[in-house]
Amino acid sequence: MTQDPPVDPHPSDVAGGPDREGLAGLADVRRALDEAEGKDSVGALPYLREAADRLTELIDESMAAAVLTGQASLRSAGAQAGLTENAVGPRLARTRTLSAYADERGRVTASGVERAKYDLESGVPRQPAAAPAPMRFKPRRPTK
């Protein structure tokens, strides 16, 4: 079994230039980690959660860019990110790049990626619907 070469960790936009939003996202992760650095464990938690959420978004958008540009298959992009193949589809469905190509189950499949590639080449990519808010824990009762 051969191993796929690593996907470029510096995501590129579809036109091939540097992805400014990806670079800004990395800066946001660093900023959140810097904020957490001087705090005690409880005070650092919101900043660490923010950093983790932003990093997850970057990973998902990088996977979307990799499969859309043909740098990686769904399986190999997931493997590079340390995910199983089954975890990739739902994560791609949350991305700006491929959310419009999710099926009724909330997953982007290989056929959705192929359609996105075709639409991109023809110059009319689908516009994504409004992104759902990330899931958050809501306590049932107030805490002190």
Side-chain angles (χ1 to χ4, degrees), residues 1-39 41-140 143:
M1 181 172 170
T2 63
Q3 183 174 356
D4 292 322
V7 174
D8 183 1
H10 300 29
S12 298
D13 66 16
V14 181
D19 181 272
R20 299 289 177 218
E21 291 178 29
L23 297 175
L26 284 174
D28 290 341
V29 171
R30 287 185 186 107
R31 181 194 48 75
L33 291 173
D34 288 343
E35 287 289 331
E37 190 173 3
K39 308 270 190 265
S41 57
V42 173
L45 288 174
Y47 299 106
L48 294 173
R49 177 78 266 156
E50 179 185 352
D53 289 345
R54 296 214 184 262
L55 190 55
T56 297
E57 289 172 17
L58 285 172
I59 290 169
D60 295 348
E61 290 293 342
S62 292
M63 283 192 306
V67 299
L68 190 58
T69 60
Q71 290 178 312
S73 65
L74 290 170
R75 182 174 159 234
S76 65
Q80 291 292 322
L83 302 169
T84 65
E85 187 175 359
N86 289 337
V88 176
R91 290 181 66 150
L92 292 179
R94 296 190 313 228
T95 65
R96 290 184 321 274
T97 310
L98 293 173
S99 62
Y101 298 93
D103 63 14
E104 64 282 348
R105 298 171 302 154
R107 303 175 65 86
V108 173
T109 61
S111 63
V113 171
E114 290 306 313
R115 180 60 200 206
K117 287 178 182 179
Y118 175 82
D119 289 350
L120 182 65
E121 288 174 5
S122 65
V124 284
R126 290 182 191 167
Q127 295 301 311
M135 295 175 62
R136 294 282 181 242
F137 173 77
K138 293 181 183 174
R140 294 186 203 172
T143 59

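Of all non-hydrogen atoms in Ala64 and Thr97, the two that sit nearest each other are CB-CB, 3.9 Å. Residues Gly43 and Lys39 come closest through the heavy atom pair C-CB, 3.7 Å. In this structure, Lys117 and Val67 approach most closely via the heavy-atom pair CE-O, 3.1 Å. Shortest non-hydrogen contact noted between Asp119 and Ser122 is O-OG, 3.0 Å. Of all heavy-atom pairs between Tyr101 and Arg126, the closest is OH-N, 2.9 Å.
Between the CD atom in Glu57 and the CZ atom in Arg94 there is a gap of 9.0 Å [rounded to 0.5 Å]. Atoms CD and CG, on Glu61 and Leu68 in that order, are 10.5 Å from each other to the nearest 0.5 Å.
For Ser111, the side-chain hydrogen bond (donor to acceptor under 3.5 Å, both in side chains) test picks out Thr109, with sequence neighbours left out. The side-chain hydrogen bond (donor to acceptor under 3.5 Å, both in side chains) search around Asp34 returns none, not counting sequence neighbours. Residues meeting the side-chain hydrogen bond (donor to acceptor under 3.5 Å, both in side chains) test with Arg49, sequence neighbours left out: Asp53. For the side-chain contact (heavy atoms from CB on, under 4.5 Å) test, residues two or more places apart in sequence or in another chain that qualify with Leu48 are Leu33, Ala36, Ala44. Not counting sequence neighbours, Arg30 has no partner by the side-chain hydrogen bond (donor to acceptor under 3.5 Å, both in side chains) test.
Here the side chain of Ser76 pairs no donor or acceptor atom with the backbone of Ala72 at under 3.5 angstrom.
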Review point. Is there a side chain to side chain contact (heavy atoms under 4.5 Å, CB included) between Thr95 and Val108 once you walk through the steps?
Key: CA-CA 10 Å; Thr95 65; Val108 173; over 6 Å; no
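Checked for salt-bridge contact, Glu35 and Arg31 miss the test: no charged N lies under 4.0 Å from a carboxylate O.
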Which pairs would a plain distance check flag for residues 83-93, meaning a side-chain donor or acceptor within less than 3.5 Å of a matching protein atom at least two apart in sequence or in another chain?
{"unit_1": "Thr84", "atom_1": "OG1", "unit_2": "Ala87", "atom_2": "N", "d": "3.4"}
{"unit_1": "Arg91", "atom_1": "NE", "unit_2": "Asp60", "atom_2": "OD1", "d": "2.6"}
{"unit_1": "Arg91", "atom_1": "NH2", "unit_2": "Asp60", "atom_2": "OD1", "d": "2.8"}

